[in-house]
Amino acid sequence: MQISTERLELREYAEADHDAVHAFASDPEVCRFVEWGPNTPGDTRVFLRACLDEQITDPRQTYTLAITVGGWVIGSIALMLGDSELAPGRGSAELGYVLGTGDWGSGYASEAAVAMLDFARGTLGLERVVATCRPENTGPSACWKSRACAGPGCCPGTR
């Protein structure tokens, strides 16, 4: 699976992505606002193995894709279907992403999020996609208040 945007390619992970993934996944600043990491090399191998396993699962419940610029992996974005506390019931999913610090503020997160939302709504026919962030993490808040959340009915209850 691959999704192209104006500046990005969102694509399936490969084992060869280990070093690029580990570069952002082992960075304490990147991991400050997520529930995992900083990764050890073994943690990154386990993550990539899970991504590879997801690619052959049928029916697929999770789409975890590499965010790439010019062929280089700069981050990760995931769409998680199924029943969860945040996205209960069929037709719902959670969206999450992470970027290496060198690409913060570039608009790449918004661009990737819009592409995944289009995939979720258009290809998968999902009615509701939710995302959360910690209040002190101002980057995603800006993303969701920009292009990613443009349109009627988008982001009800945003705080």
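Counting begins at 1 with the first residue of the sequence.
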At their closest point, which heavy atom of Ala25 faces which heavy atom of Cys31, and how far apart are they? O-SG, 3.3 Å
With a 4.5 Å heavy-atom cut-off, do Leu79 and Thr62 have their side chains touching? no
What is the minimum heavy-atom distance between Pro38 and Ser26, and which atoms define it? CB-O, 3.4 Å
Val21 with Val46, same ILVMFWY side-chain cluster at under 4.5 Å: no
To the nearest 0.5 Å, what is the distance between CD on Glu111 and CD1 on Ile3? 12.0 Å
Shortest non-hydrogen contact from Leu10 toward Ala115: CD1-CB, 3.8 Å
Could you tell me whether the side chain of Phe24 reaches within less than 4.5 Å of the side chain of Leu99, counting heavy atoms only? no
Quick check: is Trp36 connected to Ile74 through a chain of hydrophobic side chains (ILVMFWY, heavy atoms under 4.5 Å apart)? yes
Set of residues satisfying side chain to side chain contact (heavy atoms under 4.5 Å, CB included) with respect to Gln2, sequence neighbours excluded: Ser4, Glu9, Arg11
In terms of hydrophobic clusters joined by side-chain contacts under 4.5 Å, are Leu52 and Leu65 together? no
Okay, side chain of Gln55, backbone of Tyr13: is any donor-acceptor separation there less than 3.5 Å? yes
Kindly say whether Arg45 contributes a backbone atom to a donor-acceptor pair with the side chain of His22 at under 3.5 angstrom? no
As an exercise, state the distance from CE of Met116 to CG of Leu124, rounded to the nearest 0.5 Å. 8.5 Å
By side chain to side chain contact (heavy atoms under 4.5 Å, CB included), which residues pair with Asp43, not counting sequence neighbours? Asn39, Thr40
In short, Val73 meets Ala20 closest at the heavy-atom pair CB-CB, 3.7 Å
Main-chain N/O of Ala14 paired with Asp17 side-chain donor or acceptor, under 3.5 Å: yes
If you round to the nearest 0.5 Å, how far is CG of Asp53 from CG of Leu48? 11.0 Å
I would like to know whether Thr68 and Leu8 meet side chain to side chain contact (heavy atoms under 4.5 Å, CB included); could you show each step before the answer? CA-CA 6 Å; Thr68 69; Leu8 307 173; over 6 Å; no
Go through Phe47 and Thr64 one step at a time and tell me if the side chain to side chain contact (heavy atoms under 4.5 Å, CB included) criterion holds. CA-CA 10 Å; Phe47 167 76; Thr64 305; 3.8 Å; yes
Drop me the distance from Met80's CE to Glu54's CD, to the nearest 0.5 angstrom. 9.5 Å
To check you understand the geometry: which heavy-atom pair defines the closest contact between Val98 and Ile67, and what is its length? O-CD1, 4.3 Å
Using the salt bridge (Lys or Arg N to Asp or Glu O under 4.0 Å) criterion, which residues pair with Glu29? Sequence neighbours excluded. Arg32
Would a distance-only check, ignoring hydrogens and angles, find a side-chain to backbone donor-acceptor pair under 3.5 Å from Ser106 to Asp103? yes
Can you give me the closest heavy-atom contact between Ala93 and Leu81, atom names plus distance? CB-CA, 4.1 Å
